[in-house]
Amino acid sequence: MVNSPTVSPASNRERIRAFFVEQCFLEADALDLDGGLFSTGVLSSLDLIDLLAYLEEEFGIKIEPLETEMQNFDSVGLVLDFIAKKQASG
């Protein structure tokens, strides 16, 4: 389901957190905005692939191959920043 880019940042944060809890089996209490996900080994490169597919479908954005570096998605906050940047650029 592709959602409107006018969705609030708080709603986006909850959607991202839900993805990590439901798809990656992380504890919701352990997810903060700045906590490392890939750099600390909490998530793997396979989880990154799932995350990228989810972001494209859920937020209606196109992620280019050069944008798929793990450091762009290493925390909930970085994922939210990436979504906002992609939605603002159209």
Checklist entry - Under a 4.5 Å cut-off applied to non-hydrogen side-chain atoms, are I83 and E58 in contact? => result no
Checklist entry - Is any side-chain heavy atom of I16 less than 4.5 Å from a side-chain heavy atom of L55? => result yes
Item to check | Check: K86 side chain, K62 main-chain N or O, donor-acceptor pair, under 3.5 Å | outcome: yes
Interatomic distance, [X] atom [atom1] to [Y] atom [atom2] [nearest 0.5 angstrom]:
| X | Y | atom1 | atom2 | result |
| --- | --- | --- | --- | --- |
| N12 | L80 | CG | CG | 6.5 Å |
| K85 | I61 | NZ | CD1 | 10.0 Å |
| Q23 | L43 | CD | CG | 12.0 Å |

Next on the checklist: For the aromatic rings, using the six-membered ring if either is Trp, is the centroid distance between F38 and F73 under 6.0 Å?
Outcome noted: no
Next on the checklist: Between V76 and V79, does the side-chain contact (heavy atoms from CB on, under 4.5 Å) criterion hold? Intermediate values first, please.
Outcome noted: CA-CA 5 Å; V76 173; V79 172; 5.7 Å; no
Checklist entry - Which residues pass the ring pair (Phe, Tyr, Trp, His ring centres under 6.0 Å) test with F20, sequence neighbours left out? => result none
Checklist entry - For F19, what residues pass the ring pair (Phe, Tyr, Trp, His ring centres under 6.0 Å) criterion, not counting sequence neighbours? => result Y54
Next on the checklist: Per the side chain to side chain donor-acceptor pair (under 3.5 Å) rule, what does the pair list look like for residues 69-79, sequence neighbours excluded?
Outcome noted: S39-D74, E69-Q71
Can you give me the closest heavy-atom contact between [X] and [Y], atom names plus distance?
| X | Y | result |
| --- | --- | --- |
| V21 | E27 | CG2-C, 4.3 Å |
| S45 | M70 | CB-CE, 3.6 Å |
| L37 | T40 | O-OG1, 3.8 Å |

Next on the checklist: Within a 6.0 Å radius of atom CD on E64, are there more than 12 heavy atoms belonging to other residues, nucleotides or ligands?
Outcome noted: yes
